[in-house]
*Asks:* 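Got a structure for you, questions after.
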Amino acid sequence: MTKQTWSQRFETALHPAITLFNASIGFDIELIEYDITGSIAHAKMLGKTGIISIAEASTLVQGLEQIRQEYREGKFQPGVEAEDVHFAVEKRLTELVGDAGKKLHTARSRNDQVGTDTRLYLKDQIQQIQALLRGFQQVLLDLAAANVETLIPGYTHLQRAQPISLAHHLLAYFEMLQRDWERLGDVLKRVDISPLGCGALAGTTFPIDRHYSAELLGFGDVYRNSLDGVSDRDFAIEFTAAASLIMVHLSRLAEEVTLWSAQEFSFVTLKDSCATGSSIMPQKKNPDVPELVRGKTGRVFGHLQGLLVLMKGLPLAYNKDLQEDKEALFDTVKTIKVCVEAMTILLAEGLEFQPERLHEAVNEDFSNATDVADYLAAKGVPFREAYNLVGKVVKTSITAGKLLKDLTLPEWQELHPAFESDIYAAIAPQQVVAARNSYGGTGFVRVRESITAAQERINQVI
Ligand code: ARG
């Protein structure tokens, strides 16, 4: 039976199984550096406001820095008897600096403390994830710049629709990641609020200065209501929602790469550095990286759902249920980071697009049919009429085993007298793509403009 940190009110020790059940040290040790940083700011605030002496405050700060050092050197490894990271640090502090250590917890509670730690952690992590997203965007941009005139079939309903520039396809993901990056920045505004000094739930009787400790910690604002401050986890849910959208985007790209690498498509081959083999089928090269990313998406969605359910129906203010927010948050952060990293490596050096196969793919089908209709429409034939005519010629061509480019000029002219010999140039895939120069379209001129603009966007705000 272990002796607890709580008051003398308790006569007998906690049941060993309940000690384990109750403890969060196994996972909230992740917060230790943020806990120390938060405690340092709190100690300085206590000193500045005269709640403790300046000498005591600096003793606390020194002791806390020593714990940070011990932790970094692997010398401080608190066990389950500490219950959680907050008790662990406070206990060690008292061991190190004596009675002054017992003053650290004046005018605060673990409730505002854990909220502070979690927000400091998440602020840090969000900025790291944003930097990873930027790295991924740069890889997509570089790949796009090298493939403006590489054509790839564009699909709707997973049926070949119209050929597009491969760069245009990649830039679609750039845009998704740009929204993700911005969304994280928006979430950050609501993570950037300090609950420190909200106390257990109702504030404190001491003349604290919440704005001062918030400023020391780099928070942009402080919670205006102490009950809300200790029980709000909106920021965690918002972050997990933003993370879920990142995973949606990664997973869509992962799915495309997986399809492209299938023999049926063969648009890309996977380089050995990013592919794995089978234990039984020697010919196989498996796209484990994108598959794992696709698979890990589920756990992030699960954490979002878990946090929403965790919060619903919780009465104000702090409830122990809130301890359950951490593993969801930590795993979300970890998963997002490894997935963005893996996809960045995959796109940067794990894929080889197959130009011959792509060329074949955009030349062997009817994905230029819209362009025949556009050709006639540009010559004054009403679009719907042109559309119907082309539908007819597609049907007869399929029966005859021909492509549109194989039709002779008399055959075209029989269909409609407006056809002239320039129809061949108009339906060549390169021209089909080049001609789609509407704003946001796949035309090469537009794509080049997009690449320049995208590069400027990510250079601007880092
Ligand atoms: N380990 C706790 C958590 O993560 C710290 C806060 C405990 N507060 C309390 N009143 N028991 O939520």
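As the structure lists them, so they are numbered: ligands from 1, and atoms in each ligand from 1.
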*Asks:* Using ring-ring contact (aromatic ring centres under 6.0 Å, His included) as the criterion, list what pairs up with Y34, not counting sequence neighbours.
*Replies:*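 ring-ring contact (aromatic ring centres under 6.0 Å, His included) check on Y34 returns Y121.
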*Asks:* Salt bridge or not between K189 and D221? Use side-chain N to carboxylate O under 4.0 Å.
*Replies:*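 Judged by the 4.0 Å cut-off on N to carboxylate O distance, K189 and D221 do not form a salt bridge.
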*Asks:* Quick one: pull up CZ in R224 and CD1 in I193 and give me the separation to the nearest 0.5 Å.
*Replies:*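 It comes to 7.5 Å.
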*Asks:* Does NZ or CZ of K123 lie under 6.0 Å from the centre of the six-membered ring of F219, at an angle within 45° of the ring axis?
*Replies:*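 Geometry flag: set, cation within 6.0 Å and 45°.
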*Asks:* Of V268, T150, L151, which meets side-chain contact (heavy atoms from CB on, under 4.5 Å) against L358?
*Replies:*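 By the side-chain contact (heavy atoms from CB on, under 4.5 Å) criterion, L358 pairs with just one of V268, T150, L151: T150.
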*Asks:* Between ligand 1 and the protein, give all atom pairs where both partners are nitrogen or oxygen and the distance is under 3.5 Å, as lines of names plus distance to 0.1 Å.
*Replies:*
{"from": "ligand 1", "atom 1": "1 (N)", "to": "S24", "atom 2": "OG", "distance (Å)": "3.2"}
{"from": "ligand 1", "atom 1": "1 (N)", "to": "D84", "atom 2": "OD2", "distance (Å)": "3.0"}
{"from": "ligand 1", "atom 1": "1 (N)", "to": "Q323", "atom 2": "OE1", "distance (Å)": "2.8"}
{"from": "ligand 1", "atom 1": "4 (O)", "to": "K326", "atom 2": "NZ", "distance (Å)": "2.7"}
{"from": "ligand 1", "atom 1": "8 (N)", "to": "N111", "atom 2": "OD1", "distance (Å)": "2.9"}
{"from": "ligand 1", "atom 1": "10 (N)", "to": "N111", "atom 2": "OD1", "distance (Å)": "3.1"}
{"from": "ligand 1", "atom 1": "11 (N)", "to": "R110", "atom 2": "NH2", "distance (Å)": "3.3"}
{"from": "ligand 1", "atom 1": "12 (O)", "to": "Y318", "atom 2": "OH", "distance (Å)": "2.4"}

*Asks:* Look at atom CD of E73 and say whether more than 12 heavy atoms of other residues, nucleotides or ligands are closer to it than 6.0 Å.
*Replies:*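 More than 12 within 6.0 Å, yes.
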